[in-house]
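Hydrogens, waters and symmetry mates are skipped; everything else that's a heavy atom, side chains included, is used. We name chains A, B, ... by the order of the sequence lines, and we start the count at 1 in each one.
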Amino acid sequence: MDIEKLNKIKDEYSKIIQKKRIMVCSGTGCTSSKSDVLLKNIQDKLEKDGIKNITAHKTGCFGFCAKGPIVVIDPDEIFYELVKPEDANDIVEAVINNKVVERLLVKENEKYVEKWHKLNFYSKQERIALKNCGKINPEKIEEYIALDGYQALYKALHMSRDEVIDVILNSGIRGRGGAGFPTGKKWKFAKEAKGDVKYVCCNADEGDPGAFMDRSILEGDPNAVLEAMAIAGYAIGAKQGYIYVRAEYPIAVKRLNIAIEQAKKLGLLGKNIFGKKFDFNIELRLGAGAFVCGEETALMNSIEGKRGEPRPRPPFPAVKGLFGKPTLLNNVETYANIPNIILKGANWYKSIGTKTSTGTKVFALGGNITNVGLVEVPMGTTLREIVYDIGGGIPEGKKFKAAQMGGPSGGCVPAKYLDVPIDYDSLNEIGAMMGSGGLIVMDDSKCMVDIAKFFLEFTVDESCGKCPPCRIGTKRMLEILTRITEGKGKDGDIEKLERLASNIKKASLCGLGQTAPNPVLSTLKYFRDEYEAHIYHKKCPAGVCKALTQVHIDEEKCKKCGICAKNCPVGAIEGQVGKVTFKINQDKCIKCGVCITKCPFKAISK
Amino acid sequence: MNHCEGCNGCKIDEKLEKIAKKYKNVEGGIISALHEVQDTYGYISSTAQKYLSKELNVPMSEIYGIITFYSRFSLVPKGKYNIQVCMGTACYVKGSEKVLNRFKEKLGIKEGETTSDGKFSIESVRCIGACGLAPAIVINEEVYGKMDEKKVDELIEKYSKM
Ligand SMILES: Cc1cc2nc3c(=O)[nH]c(=O)nc-3n(C[C@H](O)[C@H](O)[C@H](O)COP(=O)(O)O)c2cc1C
Ligand code: FES
C-alpha cells in the first residue's frame with residue numbers, strides 16, 4: 001500500500017458513499033428488533049424492481065437505540081425510527097420518488113422532524129469517537145478510507161516517534177476506560193521502557209453492566225481502533241497488538257475479524273506498512289465473562305491463558321506487562337479518538353471540552369429516561385443537559401432522583417448536582433466518577449439502598465477471590481445491606497458499613513476492591529435518610545424493599561368494584577362486590593403492586 | 001470421572017482434535033481452545049479437559065481453575081433452550097428481577113440449573129447490550145426486549161411446544 005493507492009480508494013469510495021443509500025442500523029440493539037430482516041427486505045425489493053442507482057447497507061449504531069430499528073437515507077440524512085420489516089416497500093418507494101414516509105419520522109413537539117441532525121437528541125452532541133457510526137458500512141474498509149481512514153497512520157509514519165507522542169500529550173486526552181490517566185504520558189512511558197519486544201493492547205472488555213459505548217464503536221467503526229493501535233505501535237516501538245474483547249459481543253468480534261482481514265489484504269497491517277520499516281499485526285483474544293478482566297493486569301493474565309487475577313503493581317504494565325514485556329493498554333474509545341487527533345492536531349482537540357478534560361465523552365444513557373441510547377458530548381456538558389435536552393427527561397411524569405455514573409466502581413449524582421459540569425475532576429469532587437461512561441438514570445420510584453445492594457451483589461460475585469479485603473469485606477458489607485433491606489437493620493449498621501468501606505478501599509489489591517464500596521458510600525452521602533428510614537423506622541420510602549412495604553386500600557376511595565381482588569395473583573384481597581369495602585390480608589400479600597395499577601379509582605397505594 | 005463416557009459431547013471426535021491442533025502452539029491459547037469447545041458442545045466435558053491438558057501441555061488443575069473462574073465456561077450441559085436474563089443496571093432499574101423470578105417460579109428451577117426434561121436452563125447475565133430494550137432476555141441467541149411477566153408466560157409456552 002502506498003499513499004497514491006490509498007487516495008485512489010478514497011476518491012472512488014467518496015463518490016460511492018455520496019450516492020443515494022439506505023443505511024440500516026445493524027448495532028446489537030437494532031438487530032434485536034429485527035433490523036437484519038428489514039435490510040434483507042429492502043435489498044430484495046431493490047433487486048425485484050431492478051433498481052441499481054440506490055443501494056442499501058448495514059451501518060453502525062446511531063445511538064437512538066430505544067427507537068430502533070433506525071434507518072437513515074443518505075445523503076439527505078432523512079431519519080426514520082421504529083421501522084419494521086414490513087416498512088421496506090414504503091421506504092424504497094419513497095426514496096425512488098424523492099419523498100419521505102411521514103409516519104416513520106420522529107415527532108418532536110407535535111412536529112415531524114426530517115433530518116438526523118435537526119433532532120433534539122443530536123443537537124447538543126458532538127461526534128468524534130462515533131463520527132463514522134451510521135455513516136459507513138463497517139464491514140467495508142474502503143468506506144472507512146473514504147472518510148480519511150488510515151490517513152492518520154500515513155501521517156504518523158512520516159513523523160518521528162517523539163513527535164507522535166507529543167501530539168497525543170498536547171491534546172490533553174485522558175483514558176476513557178475509567179481512571180482518566182493522561183494517554184500521552186502512558187505512551188511516553190511505554191516508549192521509554194527498555195526491551196526489544198513490546199505490545200500494544202486494547203481493552204474491549206467493557207465490564208460495566210449497562211454500558212455499551214465500546215461495543216458500538218467496535219460494531220460501527222472497527223477500523224478506527226485498528227488504525228489507532230498501529231499508530232501506537234509505531235510510537236512505542238511494538239510490532240504486535242492484541243484486542244481483548246468480550247465474547248458476549250458477537251457482532252463486534254465478527255466485524256473486528258473482518259476489518260483485520262481487510263486491512264491485512266490492503267497492506268495496512270502486516271509488513272513494511274506504507275513502505276516504511278514498520279511491521280504491525282493485531283490478534284483478537286476473547287474474554288470469558290469476568291468483570292475483573294477489565295483491570296489491566298488481570299486482562300494480561302487472561303490473554304496469557306491464565307485465570308484473570310490481577311497482579312500487584314508495580315511493576316506497571318509499561319515496564320513489565322503482557323508476557324513480561326513492556327505493554328501499552330488503552331481503552332476502545334481512547335483509541336477511537338487518536339486518528340482524528342493526529343490528523344487535525346492537538347490544538348483542535350484541546351479546543352473541545354474543558355481545560356483539564358479535553359475532547360468528548362460517549363455515554364450509554366439508560367434506566368428511567370425517555371431516550372435510552374448512546375450520546376457523545378463535549379466534556380463539561382452538564383448532567384441536566386444530557387438528561388433533559390438530549391435524553392428527553394424522565395418518562396411517566398416521574399421525577400429525577402439520581403444518576404449512577406461509573407457503574408459498580410462509581411457513585412450516584414443526586415438532583416442537586418444536575419448542573420455540575422461533567423469532567424473527571426468535578427465528578428471526583430462530588431464522590432462520583434466518570435467511569436467508562438455508563439450513565440443510569442433513576443426516578444423517584446427507586447430505593448437507593450436497594451441500588452447500592454445491587455452493585456455490591458455484582459462486586460461480590462465478580463471479586464476474583466485473590467485478596468481477602470475484597471473477597472471477605474464486600475461480602476460482609478452485602479450481608480449488612482441485605483439485613484437492612486429485609487427490615488432487620490440495627491443501630492450501628494451505617495457506621496459499620498462506613499468502616500468496612502474505608503478498610504476495603506485501602507487494603508485491596510486492585511481497582512475492583514478499591515472502588516467496590518463507592519456505590520454504598522455515595523448513596524450514604526446523599527441518601528442517608530433512606531438508610532435511616534429502613535433501619536430505625538422500618539420503612540422503605542420508595543416502596544421497593546418488600547419486607548418494609550405494605551399495600552393499603554383507602555376505605556374512602558374504594559368503590560367496592562372488586563377489580564383488585566380479581567387481579568390479585570395470590571388471593572390476598574377480601575371484600576364483597578358492591579357491599580363490603582376491600583381489604584388486603586398483609587400475611588398473604590406479596591407486594592407485587594398489580595392491584596395498584598388495576599384500581600380504576602386510585603384507591604390503593606404503598 | 002467416567003460419567004460421560006460414550007455421550008456424544010465427550011468422545012475425542014474430529015472437532016476436538018482440530019481445536020487442539022489449532023491452539024497447540026499459540027501462546028496463551030488454552031482459553032481460546034476452551035471457547036471453541038464450549039461453543040461446539042455447550043459445555044466442557046472432563047474428557048475434553050483431559051485431552052486438551054495432554055495436547056496443549058497445561059496441567060488439569062490449571063484447566064479446571066480456568067473453567068471455574070470464567071462464567072462463560074460450563075462443566076455441565078445447559079438446557080436445550082438456555083434462558084439468559086439480563087441483570088445489567090439498565091435492565092435491573094427497569095424490573096429485570098421480576099422477569100427472572102417469574103422464569104424461576106414457572107420452571108421450578110434456579111439460576112444455573114436445568115429442568116429435569118433437559119429443555120430449559122436459566123442464567124442471569126451481565127449487560128447484553130440491548131439496554132434500549134430493557135428489560136431484555138436472550139433465549140439461544142434470540143433477543144426478546146421490553147419483557148414483563150406476561151411475556152415470560154407466553155415465551156415458556158412457545159418454547160415448550162417447540
Ligand atoms: C475492576 C476493573 C474493571 C475495569 N474494566 C474496564 C473495562 O471494562 N474497560 C476498560 O477500558 N477499562 C477498564 N478498567 C480500567 C483498566 O484497568 C485500564 O485502566 C484502562 O483500560 C486503561 O485504558 P485508558 O487509559 O485508555 O482508559 C477496569 C479497571 C478495574 C479496576
Ligand atoms: S443499536 Fe441501533 S441505534 Fe443503537
Side-chain angles (χ1 to χ4, degrees), chain A residues 27-33 64-68 206-212 215-216 247-250 285-291 293 302-309 322-323 364-368 372-373 404 407-408 438 440-443 446 451 454-455 457-458 461-462 464-465 569 592, chain B residues 23 26-36 38-39 56 58 61-74 84 86-98 101-102 105 123-134 136-138 141-146 149-150:
Chain A
T28 298
C30 289
T31 305
S32 317
S33 334
F64 210 49
C65 310
K67 298 287 173 60
E206 196 157 56
D208 171 2
F212 51 103
R215 192 202 67 210
S216 296
E248 289 88 342
Y249 286 175
R285 285 298 159 92
L286 299 197
F291 175 65
C293 287
S302 187
I303 295 183
E304 290 176 19
K306 301 184 191 137
R307 285 165 68 101
E309 287 171 353
L322 188 61
F323 301 115
L365 202 52
N368 306 119
V372 174
Q404 174 77 19
I440 308 284
V441 177
M442 288 171 278
D443 64 25
K446 297 290 162 309
I451 295 292
F454 166 78
F455 283 115
E457 273 169 0
F458 180 89
D461 207 35
E462 294 294 343
C464 75
C592 65
Chain B
Y23 293 104
V26 178
E27 217 172 345
I30 179 70
I31 293 185
S32 306
L34 290 174
H35 265 298
E36 288 205 17
Q38 174 75 40
D39 289 348
L56 274 69
V58 181
S61 60
E62 217 167 279
I63 293 189
Y64 185 79
I66 291 170
I67 296 174
T68 50
F69 184 85
Y70 295 102
S71 64
R72 205 175 165 80
F73 300 139
S74 166
Q84 298 177 309
C86 179
M87 289 295 258
T89 321
C91 285
Y92 183 78
V93 169
K94 290 268 185 95
S96 59
E97 198 169 25
K98 275 191 186 157
N101 285 341
R102 186 69 175 186
E105 191 185 304
E123 272 180 294
S124 70
V125 294
R126 304 297 176 211
C127 189
I128 52 171
C131 309
L133 305 171
I137 67 155
V138 186
E141 317 235 310
E142 185 86 21
V143 179
Y144 297 92
K146 305 201 170 135
E149 288 166 322
K150 204 171 125 232

Inset, instruction - Check each atom of A/A364 against the heavy atoms of chain B and say whether the ones under 4.5 Å are side chain, backbone, both or neither. - result: neither

Inset, instruction - Of all the heavy-atom pairs spanning B/Y70 and A/A290, show the shortest one and how long it is. - result: CD2-CB, 3.9 Å

Inset, instruction - Among the options A/P408, A/G287, A/G207, A/G373, pick out the one with the most heavy-atom pairs lying under 4.5 Å from chain B. - result: A/G287

Inset, instruction - List the atom of A/K306, the atom of B/I31, and the distance in Å for their closest heavy-atom pair. - result: O-CD1, 3.5 Å

Inset, instruction - Kindly determine whether A/D461 and B/R126 satisfy side chain to side chain contact (heavy atoms under 4.5 Å, CB included), including the steps that lead there. - result: CA-CA 11 Å; A/D461 207 35; B/R126 304 297 176 211; 2.9 Å; yes

Inset, instruction - Side chain from CB out, backbone as N, CA, C, O: work out which of these in B/E142 comes under 4.5 Å of a heavy atom of chain A, or both, or neither. - result: side chain

Inset, instruction - Using the test salt bridge (charged side-chain N to carboxylate O under 4.0 Å, His left out), find all partners of A/K67 that sit at least two apart in sequence or belong to another chain. - result: none

Inset, instruction - With rounding to the nearest 0.5 Å, note down the distance linking OG in B/S124 to CD in A/E457. - result: 9.5 Å

Legend entry - Structural part of A/I303 lying under 4.5 Å from a heavy atom of chain B: backbone

Inset, instruction - Compare every heavy atom of A/S32 with every heavy atom of B/A130, then report the nearest pair and how far apart it is. - result: CB-OG, 4.3 Å

Legend entry - B/Y92 and A/P209, any side-chain heavy atoms less than 4.5 Å apart: no

Inset, instruction - Check each atom of A/C592 against the heavy atoms of chain B and say whether the ones under 4.5 Å are side chain, backbone, both or neither. - result: backbone

Inset, instruction - Name the option with the most non-hydrogen atom pairs under 4.5 Å to chain B; the candidates are A/L365, A/L286, A/D208. - result: A/L286

Legend entry - Atom group of A/E304 that falls short of 4.5 Å from chain B, counting heavy atoms: backbone

Inset, instruction - Pick one of side chain, backbone, both or neither for B/V26, based on which atoms fall under 4.5 Å of a heavy atom in chain A. - result: side chain

Inset, instruction - For the pair A/R307 (side chain) and B/G65 (backbone), establish whether a donor and an acceptor sit closer than 3.5 Å, ignoring hydrogens and angles. - result: yes

Legend entry - Shortest non-hydrogen contact from A/V441 toward B/V93: O-CG1, 4.1 Å

Inset, instruction - Give the member of B/K94, B/E27, B/K146, B/E149 that has the highest number of heavy-atom pairs under 4.5 Å with chain A. - result: B/E27

Legend entry - Residue list, ring-ring contact (aromatic ring centres under 6.0 Å, His included) with A/F458, at least two apart or on another chain: A/F291

Inset, instruction - Flag the one option from B/G88, B/G29, B/A134, B/C86 with the top tally of heavy-atom pairs under 4.5 Å to chain A. - result: B/G88

Legend entry - Part of B/L133 within contact of chain A (heavy atom distance under 4.5 Å): side chain

Legend entry - Which portion of A/E462 sits near chain B, non-hydrogen atoms under 4.5 angstrom: side chain

Inset, instruction - Count the heavy-atom pairs under 4.5 Å between each of A/E206, A/E248, A/R285 and chain B, then report the option with the highest count. - result: A/R285

Legend entry - Heavy-atom pairs under 4.5 Å with chain A, option from B/A33, B/A90, B/G145 with the top count: B/A90

Inset, instruction - Select, from A/A211, A/C464, A/S302, A/S33, the one with the greatest count of heavy-atom pairs under 4.5 Å involving chain B. - result: A/S302

